[in-house]
2 protein chains.
Amino acid sequence: MTVTARETLIDTTQALLWERGYAATSPRAILDRAGVGQGSMYHHFAGKEALAVAAFERNAEVVFDKAAVVLRGEGTAVGRLNAYLLLQREVLRGCPVGRMAGDPEVLESPALRAVLARTFDRIRALAVEVVARGIEAGELRPDIEAAELADTVLAVVQGGYVLARAAADPVPFERAVQGAVALLDLQRQEI
Amino acid sequence: MTVTARETLIDTTQALLWERGYAATSPRAILDRAGVGQGSMYHHFAGKEALAVAAFERNAEVVFDKAAVVLRGEGTAVGRLNAYLLLQREVLRGCPVGRMAGDPEVLESPALRAVLARTFDRIRALAVEVVARGIEAGELRPDIEAAELADTVLAVVQGGYVLARAAADPVPFERAVQGAVALLDLQRQEI
DNA sequence: GTCTATACAACGATAGAC
DNA sequence: GTCTATCGTTGTATAGAC
């Protein structure tokens, strides 16, 4: 076979973790969709949790990379934060990383928890850097904590997902993001 | 008995929905904690879902009422939005309403979904009213959409929960809220 | 490495005695 | 109204053939 069963299992689990979260994703569901026998899964992975960790790490890497492209990109601090806020997202599918924070079984699994916490830490670090540089450069008003503004931006995105999924409508997400863009605009000062 | 089994079941389910969400809350867990037999539950409710709807409605009412007190309260628009942002919350327990939006089984249940969507709609309506009045009164800059700013504020709170739970630390929530307060301050204009 | 067959517990729901 | 006993299904994991 061109693609190994191991890879197929991880790919399938990535999709199911995104769609359904961890607790609601059964090995049975993974195997059925992957078209792979149960033995293969337990040959390659210790169990559901180990497979989920491998898949979640890949989902997290994709999310981080997309954030990194815009947050490390060219432009002003506000321009980069806006680019992050306005990234194209499949709003109603939810954030593949953020959605895991609502799953009690994820929080109870040290391995899954670690991926979750680390991913937000890494994105936050990028955002803090953007804000701190913006303040240094005199682009942003110095009367705000870089870490606070960074977390506000991250929270708007994550909360936007929550509001949109609750409403089964992407509009609340878009409004939340547009409101944040408008607020950030006032945070700028003449250079 | 002073308290009926029906009430005990709803109380217990309220707590478990908040702690674990819907999918991860089994009838067995409810009955064990409530100290009630299985027959009582199926006598008073059609099943797990019907009991969860009754319990979720109560949790939602509590959340709405707390928001309504500050959003309908005295003070300026920014003062009321700040009061909402700074409401005392059990951050690591999560929002009893917002946490349900991450549960796939909740989104698949029309009855539970309806409670979820309606609760955010009601809180949003209060926040929009606050912002719209603030703009009318000349307290807030007129160059922002009321609905956008309202959803931004709601999203900061909901996203703050996500960040805090992911980190197992309330600090990201507090930072996100403080950043939002700082941003709102710039939205004010002299009256 | 991959498969099928099976084990055993927990799930949500029902039956029927009291 | 409340209880215990039981049902059928699904969950995760293991056994063992190929």
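Predicted model, so just to flag it, every value in this text is computed and none were measured. Chain identifiers are assigned alphabetically (A, B, ...) following the order of the sequence lines, protein sequences preceding nucleic acid strands; residue numbering begins at 1 within each chain.
Of the candidates dT12(D), dC3(D), dC11(C), the closest approach to any side-chain atom of Val36(B) belongs to dC3(D). The nucleotide whose nearest atom lies closest to any side-chain atom of Ser40(A) is, among dT2(C), dC11(C), dG12(C), dT2(C). When distances run from any side-chain atom of Gln38(B) to the nucleotides dT2(D), dA5(C), dT6(D), the shortest one goes to dT6(D). When distances run from any side-chain atom of His43(A) to the nucleotides dC3(C), dT2(D), dT2(C), the shortest one goes to dT2(C). Considering only side-chain atoms of Thr4(A), the nucleotide from dC3(C), dT2(C), dT14(D) that sits closest is dT2(C). Listed nucleotides dG12(C), dG11(D), dG1(D) differ in distance to Ser26(B); the shortest reach to its side chain belongs to dG12(C).
Met41(B) has its CE atom 11 Å from the C1' atom of dC11(C), to the nearest Å. Rounded to whole Å, the distance from OH on Tyr22(B) to C1' on dC11(C) is 12 Å. At whole-Å resolution of the value, CD in Glu105(B) and C1' in dC11(C) are 11 Å apart. Between the NE2 atom of His44(B) and the C1' atom of dA13(C) there is a distance of 17 Å, rounded to whole Å. Rounded to whole Å, the distance from CG on Asp32(B) to P on dC11(C) is 9 Å. In this structure, Arg20(A) atom CZ and dT10(D) atom C1' are separated by 13 Å, rounded to whole Å. Between the P atom of dC11(C) and the CG atom of Leu31(B) lies a distance of 11 Å, rounded to the nearest Å. For Lys48(B) and dC11(C), the NZ to P distance is 9 Å, given to the nearest whole Å.
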Stepwise salt bridge (Lys or Arg N to Asp or Glu O under 4.0 Å) check, Glu61(B) with Arg122(B)
CA-CA 10 Å; Glu61(B) 203 60 30; Arg122(B) 292 174 71 202; 3.4 Å; yes
Applying salt bridge (Lys or Arg N to Asp or Glu O under 4.0 Å) to Glu129(B) and Arg124(B), what does each step give before you reach the verdict?
CA-CA 8 Å; Glu129(B) 180 72 11; Arg124(B) 173 182 297 114; over 6 Å; no
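For the pair Tyr42(A) and dT14(D), the criterion of a side-chain N or O lying under 4.0 Å from OP1 or OP2 is not met.
Judged by distance alone, the side chain of Asp103(B) and the main-chain N or O of Tyr22(B) form a donor-acceptor pair under 3.5 Å. A side-chain donor-acceptor contact under 3.5 Å links Glu139(A) to the backbone of Ala77(A).
At least one side-chain heavy atom of Leu9(B) sits under 4.5 Å from a side-chain heavy atom of Phe45(B).
The residues Glu19(B) and Arg99(B) are annotated as not salt-bridged, no charged nitrogen and carboxylate oxygen being separated by less than 4.0 angstrom. A salt bridge does not link Arg20(B) with Glu105(A): none of the charged nitrogens is closer than 4.0 Å to a carboxylate oxygen.
The residue Gly39(A) sits close to a base: some heavy atom pair falls under 4.0 Å.
An end-to-end axis angle of 10° holds for the helix from dG1(C)-dC18(D) to dC18(C)-dG1(D), taken from five base pairs per end and rounded to 10°.
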